[in-house]
A.B. asks: 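Before I ask anything, here is the structure I am working with.
Values below: all heavy atoms of this structure, side chains included; hydrogens, waters and symmetry mates excluded. Here is the naming used below: chain letters follow the sequence lines, and residue numbers restart at 1 for every chain.
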Number of protein chains: 2
Amino acid sequence: MKSPTELTEAFRANGLKVTPQRQLLFRLMHGNTMHPTADALFSEASVQMPGISLRTVYQTLTDLASMGELRLIDVGAGAVRFDPNVDDHHHVVCQACGDVRDVYVAGSHELRIDGLNGFSVDSTSILFHGSCARCA
Amino acid sequence: MKSPTELTEAFRANGLKVTPQRQLLFRLMHGNTMHPTADALFSEASVQMPGISLRTVYQTLTDLASMGELRLIDVGAGAVRFDPNVDDHHHVVCQACGDVRDVYVAGSHELRIDGLNGFSVDSTSILFHGSCARCA
DNA sequence: GTGCTAGTTAGCAATCAATGCAGATTAGCA
DNA sequence: TGCTAATCTGCATTGATTGCTAACTAGCAC
Ligand SMILES: [Mn+2]
Ligand SMILES: [Mn+2]
Ligand SMILES: [Zn+2]
Ligand SMILES: [Zn+2]
């Protein structure tokens, strides 16, 4: 994800306005490695800006995602998580505490896929399930 | 997933009763390669047994899953899908029509994972996103 | 076969995540 | 300083799933 300053320009360039709510969310997401849910981010944002709406958090995250600045991660339980890391990477999720971390996978592009039957593949998501160091 | 006959024994062995509803669902899931949602299965079941409850479909699918006879597949959109194929396999999903198919992946156990930071991995889910032959 | 009882079913309420909507507000420009 | 399209908040609604409970029944003991 771009820096808050760059996002400010990018939003204006797209005819979108830059509001205090959006600037706050830019800052909270920039460099964020927690893969937060919309609700988790809403809680964080509410500390600095009481009264901000959960709806606004969803809106802004969706805008960022459609600009390609965020990725949506679905770990198969609970709410979708938002990821400012748009590099080619994958995830490991702790079955116990739900913690999600980035992992970088070598060999993912050389997987041999049998049974495609005419399907063409555009992208690959690899999710590792396990236990984090704390929950081990 | 075991055959309907074997499941009948397995259920009784676990102190669970074998009802007409469950037998129907055993038959509908056995060898089913569609990865149906609970609701899709409910529609199918309703043809042969009008009045069956969606709740019962969820119950039975959950029971089968906790007995290890079914896998739950979350493709990141819409409802969870249920899979009687418990072999080591992965999935490809059509972004256009939502069709989900089995794929067998060679090399998935030899992936090099960087950044685990103390995480231990129990299992791996690989989801390929693309277009089916029909939607290409 | 009859009766008992623990397990099951159907139906509906409740929850959770996410989106739709509309009136009040405001960023950004002239 | 005004204008106006875009945004924000708060609330209603949707969709998937689970919780709850009274009525029902499979499976077993007699
Ligand atoms: Mn990530
Ligand atoms: Mn499958
Ligand atoms: Zn953990
Ligand atoms: Zn398709």
A.B. asks: Can you give the donor-acceptor pairs under 3.5 Å from side chains of residues 34-42 of chain A to other protein atoms, not counting sequence neighbours?
C.D. replies:
| unit_1 | atom_1 | unit_2 | atom_2 | d |
| --- | --- | --- | --- | --- |
| A/H35 | ND1 | A/T33 | O | 3.2 |
| A/H35 | ND1 | A/V100 | O | 3.1 |
| A/H35 | NE2 | A/D83 | OD2 | 3.1 |
| A/H35 | NE2 | A/H91 | NE2 | 3.1 |
| A/H35 | NE2 | A/D102 | OD1 | 2.7 |
| A/T37 | OG1 | A/A40 | N | 3.0 |

A.B. asks: Rounded to whole angstroms, how far apart are CG on A/N14 and C1' on C/dG28?
C.D. replies: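 After rounding, the reported distance stands at 15 Å.
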A.B. asks: Which pairs with one or both residues in residues 102-131 of chain B pass ring pair (Phe, Tyr, Trp, His ring centres under 6.0 Å), sequence neighbours excluded?
C.D. replies: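 Pairs touching residues 102-131 of chain B that pass the test: B/H89-B/Y104.
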A.B. asks: Look up atom OG in B/S131 and atom CZ in B/R134, then write down how far apart they are to the nearest 0.5 Å.
C.D. replies: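 One finds 13.5 Å between OG of B/S131 and CZ of B/R134.
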A.B. asks: Any carboxylate oxygen within less than 4.0 angstrom of a Lys/Arg side-chain nitrogen, looking at A/D99 and A/R101?
C.D. replies: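 A/R101 and A/D99: salt-bridged.
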A.B. asks: Could you tell me the separation between the CZ atom of B/F26 and the P atom of C/dT8, rounded to a whole number of Å?
C.D. replies: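 Spelled out: CZ on B/F26 to P on C/dT8 is 10 Å.
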A.B. asks: Less than 4.5 Å apart, side chain to side chain, heavy atoms only: is that true for A/L64 and A/L7?
C.D. replies: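 The answer is yes, as the side chains (C-beta and beyond) meet within the 4.5 Å cut-off.
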A.B. asks: Please state how far atom CD in A/Q21 lies from atom P in D/dA6, giving the value in whole angstrom units.
C.D. replies: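 About 17 Å, once rounded to whole Å.
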A.B. asks: Below 3.5 Å, can you tabulate the donor-acceptor pairs from side chains in residues 48-61 of chain A to any protein atom, sequence neighbours excluded?
C.D. replies:
| unit_1 | atom_1 | unit_2 | atom_2 | d |
| --- | --- | --- | --- | --- |
| A/S53 | OG | A/R55 | N | 2.9 |
| A/T60 | OG1 | A/T56 | O | 3.0 |

A.B. asks: Who are the ring pair (Phe, Tyr, Trp, His ring centres under 6.0 Å) partners of A/F11, not counting sequence neighbours?
C.D. replies: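 Counting only residues at least two positions away or on another chain, A/F11 forms a ring pair (Phe, Tyr, Trp, His ring centres under 6.0 Å) with A/F26.
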A.B. asks: Can you build the contact string for nucleotides 22-27 of chain D? Use B for base contact, S for sugar-phosphate-only contact, and - for no protein heavy atom under 4.0 Å.
C.D. replies: ---BBS
A.B. asks: Just the rounded figure in Å: distance from C1' of C/dT9 to CG of B/L24.
C.D. replies: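 Going from CG in B/L24 over to C1' in C/dT9 covers 14 Å.
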A.B. asks: Do the charged groups of B/R22 and B/D63 touch, with an N to O distance under 4.0 Å?
C.D. replies: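 A salt bridge links B/R22 with B/D63.
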A.B. asks: With the threshold set at under 4.0 Å for non-hydrogen atoms, list the residues of residues 32-65 of chain B touching DNA chain C in residue-number order.
C.D. replies: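 Listed by number, they are B/G51, B/I52, B/S53, B/R55, B/T56, B/Q59.
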A.B. asks: Starting at atom CD of A/Q23, determine the distance to atom C1' of D/dC8, rounded to an integer number of angstrom.
C.D. replies: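 It is 15 Å, rounded to the nearest whole Å.
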